[in-house]
Amino acid sequence: MATSAQHESLKERSGDRGNGYYGGNGNFGGGSDDAFPVEPRRLGLWLFLISVAMLFSGLASAFVVHRLGPAWEAMAFPGILWMNTLVLLLSGVTLELGRASAKNGNELKYKVFLAATLVLGVWFLVGQVVAWSQLVESGVYSSGNIHGSFFYVLTGVHGVHLVSGVLFLIVIAIRAWLRKSRDSNLKLFKLFATYWHFLAGLWIVLVCLLFAF
Amino acid sequence: MEAKSTVDLHEKTETGWMRRIFSQDHKVIGKQYMITAFVMAAIGGILSILMRMQLAWPGESWPLLGRIFPEGMPDGTMTPEFYLGLMTIHGTVMAIFVLTAVFTGGFGNYLIPLQIGARDMAFPLLNMLSYWIYLLSCITVILALFVQGGAPISGWTAYPPLSALPEAGPGQGLGQTVWILAIALFIVASLMGTLNYITTIFTMRTKGLNMMRLPLNIWGMLSSSIIGLLTFPVLLAAGVFLLFDRLGSSSFFVPGNLVVGDQLIAHSGGNPLLWQHLFWFFGHPEVYIVIVPAMGLVAEVLAANIRKPVFGFRIIIYCWISIVILSLIVWGHHMYVSGLNPYVGGVFAITTLLITVPSAVFLMCEVASLWRARIRVNVPMLFVLGFISIFAIGGLGGFFLGSAWTDIQLHDTYFVVGHFHLTMAMAPLFGMFAATYYWFPKMFGRMMNMTLGKIHFWFTLIGSYFVFLMMHSFGLTGMLRHNSDLTTYDFVQSILTANVTVSIVSIILASAQILFLFNFFWSLFKGKKEDGNPWEANTLEWTTQTPPPHGNWKGDLPEVHRWPYDYGLPNGEKDFIPQNVGSLATADPYGDIDDQ
């Protein structure tokens, strides 16, 4: 498409030089003391994470209102969540091991840890679906019990974001396998890592909110 | 990697209609947003005229309309629910789909890269997607008028339990669900946009353009985007809960013991006030999302037409930053009579009165800018002056609404309607008109017709004041909102004639906007050609050719050596010094010739 080719050449001219300082020439390359010290895509990711945090703040504040209200009836903690949480945290570990391997130039280990992270991420999602079906079987629906309703909404919205994270990871994995430019792959990987750790941290917050508050 | 020549950039012009329509060029996307917003505004305006017709002549039969809306207007007469449906879609379309989109999406997209000396936005693909999702959201919300049951009747504010119960009224079934989907789509598009604008403004400024040399317009876009980024997600959260209450039988908002018709509703434990908190946590910042970029656009047009620096450049920036922060802690003033704890209401009253300060200071800076200026009274400047006037007068009513004790009398009356139409509808629209007449030559290489512009201005100014100031008076008399036939109430008998007059004037006011739309589209083809800097302005968009090519500048990007407000300074034969000119003295009180 001429349009994206045009923008490819725009980006090339701008020089994705990765020298750590951006802005200046409007080309986000070439350090100037007017430059903003964060790379555009990283800033974009942080802004996105802020908006996701605000979304969950809205959801969480509603939870607090109901939790402290008169109609609260707690539901039992679904045991499978222990495993799901462990799996998600483990995926963060494999992600960091992948980062270390990439830094040391070990391509094979990097790919292995990427694959492991992907497997664990999917395992988490499957585990969430299992948790949901277990709850439905035991009579906890989105209607009827407000704690149950919040469980479905909070884990559902988190799950949707995690699915997008898995898709992002698949893109990273494909790029790693296709051996495209190592530098740009690494930069994208770092952005993904931030997103993934954010989602894992968010999960911990949600579980504590739902069951330890 | 070697930088490619800049020449091949604009030789690769976009050919083929697919590439042009799905262009990632910010200028195309900005125009797409603008035109779509104009169309939505026309639709929203038509809906308001239908409402005014009902209010002036209730019970009247309009057979033609009865054919378009057979469900809502049997025999051509409007049912009360149909009126409320019109009101809901009118409010939603105008506040969200027109005003929130046209400033940042339309003018922001077009001007931000040009005014900061960048080739395009930071994320052009995301930008393109945001427009098409916006368009989809527009189509979805209009669809709500035509689905079975019609449009929702719960207003743009969609309070539960009404909005949460499909059985609670016509339009509350499919119509309300479609409405929620439209809002959700819009939120996604808007967040994609704000992310782009903030990133671009921070990371892609050209050499020499530090934050304090940015045009006020850019600060306005930045402030609005930050508010949007923080508050739209909370509306999304509220929408998710509402959707669950409607479709998943949960009870986030729906309390127990409700009876609709003769049926007990199977919900319990929900909290309707929770919706109001979540909604207004977004809903109040929303008005600043709309007005601050309008203020920014107005500041640019003002600057070029007073031929001297804008008074209080830094003060204005600090005002907008304080508005961003304060706007997040005033939302309770929409809830004074909702059952909210009155002590909490008192706190919100204090913060609300506080936020009047930066808005007022901004207006005072504008007025101070006019003091002893060689004012150029052209059509854009007329709309700037109109903006200042309308926002000031409309804002005064806000003191009575923001104070909890007086709001008790005025809540849900036409005093509120008059107030927000002046401050949130007409003032931003005046900003939009000023910006359109002003930047039209840059965007399209032609001037709009200025005679038509003047007629448009005077009809709009006088019409707005008449219609919406009268509404303040009606509200004091007790005329209620959200009511399709007030003729039966004895306390409004004294104003019934004035009510009809307001409807007639509002039809004239709406018709004047047809003049604007005609002028806009006619001038695209037949306007006087203008490819220079007709306003003799300093900002960077005027340093490139008209219309700007892909990549915005044919050669290298400009370098900035000064702030944008060096007007009234000698520069050869000119009295202004564009931002990319070095070596001459500056009027920036913080600028230093060694900086250049």
Side-chain angles (χ1 to χ4, degrees), chain A residues 1-7 9-10 12-17 22-30 32-36 38-41 43-44 47-48 50-62 65-66 69-73 141-146 148-150 152-153 156-157, chain B residues 1 3-4 6 8-9 12 14-16 19 22-25 116-120 122-125 191 194-196 198-200 202-210 229-238 240-241 244 248-252 266 268-271 274 277-278 281 550-551 557:
Chain A
M1 215 165 120
T3 314
S4 50
Q6 212 166 65
H7 283 277
S9 82
L10 259 178
E12 286 161 355
R13 286 183 53 257
S14 322
D16 224 344
R17 288 182 196 111
Y22 299 89
N25 296 345
N27 294 345
F28 52 97
S32 141
D33 47 9
D34 296 332
F36 194 76
V38 179
E39 189 240 331
R41 289 181 310 175
L43 177 60
L47 293 172
F48 173 64
I50 289 171
S51 73
V52 174
M54 286 309 295
L55 172 64
F56 280 94
S57 300
L59 297 172
S61 62
V65 167
H66 274 274
W72 186 257
E73 280 169 20
Y141 308 108
S142 70
S143 64
N145 180 310
I146 191 70
S149 311
F150 271 108
Y152 286 112
V153 169
V157 177
Chain B
M1 220 183 296
K4 285 201 184 141
T6 56
D8 57 4
L9 202 60
K12 280 179 181 170
E14 287 170 320
T15 52
R19 293 159 183 175
F22 294 103
S23 169
Q24 296 179 28
D25 185 316
I116 67 171
R119 299 249 176 236
D120 205 302
F123 309 118
L125 176 62
L191 286 175
T194 54
L195 207 141
N196 224 338
I198 298 172
T199 306
T200 305
F202 277 125
T203 63
M204 296 187 63
R205 285 165 287 126
T206 189
K207 188 154 186 284
L209 189 53
N210 59 47
L229 191 79
L230 294 173
T231 58
F232 266 112
V234 176
L235 180 64
L236 189 59
V240 168
F241 286 135
F244 261 75
S249 300
S250 52
S251 296
F252 293 108
S268 74
N271 188 339
L274 176 60
H277 280 292
L278 290 172
F281 182 84
H550 292 304
L557 292 167

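Below, chains carry the letters A, B, ... as their sequence lines are ordered, and counting in each starts from 1.
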Specify the closest pair of heavy atoms between [X] and [Y], including all atoms of both residues, with the distance to one decimal.
{"X": "B/T203", "Y": "A/V38", "value": "CG2-O, 3.6 Å"}
{"X": "B/A237", "Y": "A/L59", "value": "CB-CD2, 3.7 Å"}
{"X": "A/G58", "Y": "B/L278", "value": "O-CD2, 3.8 Å"}
{"X": "B/G248", "Y": "A/S143", "value": "O-CB, 3.5 Å"}
{"X": "B/L195", "Y": "A/L47", "value": "O-CD1, 3.7 Å"}

Check step by step if ring pair (Phe, Tyr, Trp, His ring centres under 6.0 Å) holds for A/F150 and B/F244. CA-CA 10 Å; A/F150 271 108; B/F244 261 75; 9.9 Å; no
Which value, rounded to the nearest 0.5 Å, describes the distance between B/T194 atom OG1 and A/F48 atom CZ? 11.5 Å
Calculate, to the nearest 0.5 Å, the distance between atoms CG and OG belonging to A/N145 and B/S250 respectively.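 It is 11.5 Å, given to the nearest 0.5 Å.
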Please assess B/F232 against A/M54 for the test side-chain contact (heavy atoms from CB on, under 4.5 Å), listing each intermediate value before the final yes or no. CA-CA 9 Å; B/F232 266 112; A/M54 286 309 295; over 6 Å; no
Structural part of A/S51 lying under 4.5 Å from a heavy atom of chain B: both
With sequence neighbours excluded, residues passing side chain to side chain contact (heavy atoms under 4.5 Å, CB included) with B/T200: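 Side chain to side chain contact (heavy atoms under 4.5 Å, CB included) check on B/T200 returns B/I112, B/I116, B/M121, B/A122, B/N196, B/M204.
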Which class fits the ring pair A/H66 and B/F252: parallel under 30°, tilted 30 to 60°, perpendicular over 60°? perpendicular
Checking B/L274 against chain A: side chain, backbone, both or neither under 4.5 Å from a heavy atom? side chain
Side chain, backbone, both or neither: which part of B/L236 has a non-hydrogen atom closer than 4.5 Å to chain A? both
Please identify, among B/L235, B/I198, B/L191, B/L125, the residue contributing the most non-hydrogen atom pairs under 4.5 Å to chain A.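 Looking at each of B/L235, B/I198, B/L191, B/L125 in turn, B/I198 comes out on top.
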Residues that B/F123 engages under ring-ring contact (aromatic ring centres under 6.0 Å, His included), provided they are two or more places apart: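 Checked B/F123 against ring-ring contact (aromatic ring centres under 6.0 Å, His included); zero matches.
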Would a 4.5 Å heavy-atom cut-off, applied to side chains only, mark B/V234 and A/L55 as touching?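 No; the side chains remain at least 4.5 Å from each other.
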